Amino acid sequence: DTGVSQNPRHKITKRGQNVTFRCDPISEHNRLYWYRQTLGQGPEFLTYFQNEAQLEKSRLLSDRFSAERPKGSFSTLEIQRTEQGDSAMYLCASSLALGEASGNTIYFGEGSWLTVV
Amino acid sequence: AQTVTQSQPEMSVQEAETVTLSCTYDTSESDYYLFWYKQPPSRQMILVIRQEAYKQQNATENRFSVNFQKAAKSFSLKISDSQLGDAAMYFCAYGNKLVFGAGTILRVKS
C-alpha cells in the first residue's frame with residue numbers, strides 16, 4: 001500500500017490555461033475526496049466520490065472545476081480558464097465507505113500545488 | 001452547516017512539557033465523529049486521533065489525548081511529553097467529509 005498519490009506535485013500555469021491534477025487513492029478505498037487549501041487555512045471540501053459516482057459537490061466548486069473518477073479508481077480534477085484566485089494546494093484523500101455513521105478515517109495525499117501567474 | 005473554530009493561531013511548548021490545543025464546533029447532529037490531524041512542513045495531513053460522539057470516554061493514542069465535552073461542543077487535544085517532531089500545524093475536523101478549523105501552529109522549543 002503506497003498511500004494516496006497525487007501528481008503533479010507542483011504546477012505553475014498562466015492565467016486562462018487549463019490544468020489537470022490526478023489522484024490515485026489507496027487501493028480498496030471506494031471513497032475519494034478533493035479539498036482545496038490556501039496558505040494559513042484549513043482545507044476546504046470540494047467534492048467526493050463513492051466508486052465512480054460523484055455524490056456531493058461544494059459551492060466552492062465553480063463551473064470551471066470538474067472532477068471525474070471514471071472507473072472508480074483514480075480521479076482527475078480539472079480547472080479550466082484558471083484565475084489567480086485558484087492558486088492553492090489541492091488535496092486528494094481516500095477512505096473506505098463503511099456507512100455514514102462509521103467515521104471512516106480519511107487518508108490524505110501530499111497535495112498538488114497550483115500557482116497561477 | 002457545521003463549523004469548527006480553533007481560537008489559538010499559534011502555541012509554543014517546551015520539549016517534554018504538556019500542551020493543550022483548543023477546538024469548538026457547532027452542529028445540530030447528535031451522532032458524529034471528530035478528528036485531530038497534524039500537518040508537518042512536508043504538508044501531508046496525518047490523522048492524530050479520532051473521537052466518536054456517542055462515546056463518553058475520551059480517546060487516547062499514546063501521548064495524545066482529547067478532552068471531549070459534548071454539551072459544550074468542545075474537543076481539545078492534549079499532547080504530553082512534547083517532542084520536537086510534534087511541531088506542525090494541527091487541525092481539528094468534524095464529520096465524515098471533514099469540516100476543518102483554521103488550524104493551530106505548534107512550536108516545540110528545545
Side-chain angles (χ1 to χ4, degrees), chain A residues 2-10 23 25-26 29-50 54-61 67 88-114, chain B residues 1-10 21-25 27 29-55 59 61 64 66 68 70 75 77 88-106:
Chain A
T2 57
V4 179
S5 176
Q6 293 188 245
N7 66 82
R9 294 291 318 282
H10 298 88
C23 172
I26 294 171
H29 279 190
N30 46 7
R31 281 197 176 173
L32 187 148
Y33 311 78
W34 285 100
Y35 295 82
R36 181 172 68 189
Q37 185 178 21
T38 53
L39 281 173
Q41 299 297 316
E44 298 171 295
F45 170 78
L46 293 178
T47 187
Y48 90 97
F49 294 82
Q50 182 153 319
Q54 189 173 18
L55 296 187
E56 187 172 338
K57 292 194 293 185
S58 162
R59 288 173 297 173
L60 293 174
L61 210 66
M89 182 164 68
Y90 291 85
L91 288 165
C92 179
S94 69
S95 75
L96 293 169
L98 300 176
E100 285 300 322
S102 66
N104 311 309
T105 297
I106 296 178
Y107 297 87
F108 284 82
E110 295 186 359
S112 293
W113 275 106
L114 173 64
Chain B
Q2 295 89 7
T3 58
V4 176
T5 302
Q6 293 180 249
S7 59
Q8 305 155 316
E10 187 171 331
L21 308 184
S22 300
C23 173
T24 58
Y25 59 94
T27 184
E29 298 176 346
S30 57
D31 291 328
Y32 48 86
Y33 288 78
L34 294 162
F35 306 84
W36 278 97
Y37 276 86
K38 168 185 177 182
Q39 191 175 40
S42 68
R43 307 294 290 187
Q44 185 166 24
M45 199 84 69
I46 302 166
L47 178 67
V48 174
I49 198 166
R50 55 181 267 174
Q51 173 79 42
E52 293 95 308
Y54 63 86
K55 288 188 177 179
E61 288 287 342
F64 299 87
V66 299
F68 174 50
K70 190 174 184 180
F75 182 59
L77 174 69
M89 177 78 94
Y90 286 81
F91 292 101
C92 178
Y94 169 97
N96 281 337
K97 293 186 289 293
L98 299 179
V99 176
F100 284 91
T104 298
I105 297 171
L106 178 65

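Throughout, a chain's letter reflects where its sequence line sits, starting with A, and its residues are numbered from 1. Computed from a prediction, not measured in an experiment: that's the story for all the values here.
- The nearest pair of heavy atoms linking B:Val99 to B:Val4 is O-CG2, 3.3 Å.
- Side-chain N/O atoms of B:Tyr33 and B:Tyr94 include no donor and acceptor closer than 3.5 Å.
- Proximity to chain A involves both the backbone and the side chain of B:Leu98, based on heavy atoms less than 4.5 angstrom apart.
- With a threshold of 4.5 angstrom between heavy atoms, A:Glu44 does not approach chain B through any atom at all.
- In this structure, chain A has a heavy atom under 4.5 Å from the side chain of B:Tyr37, while its backbone stays farther away.
- Atom NZ of A:Lys57 is surrounded by 12 or fewer heavy atoms from other residues, nucleotides or ligands within 6.0 Å.
- Note: A:Tyr35 and A:Phe108 have tilted aromatic rings, judged against thresholds of 30 and 60 degrees for the angle between ring planes.
- Neither the backbone nor the side chain of B:Gln6 comes within contact range of chain A; no heavy atoms are under 4.5 Å apart.
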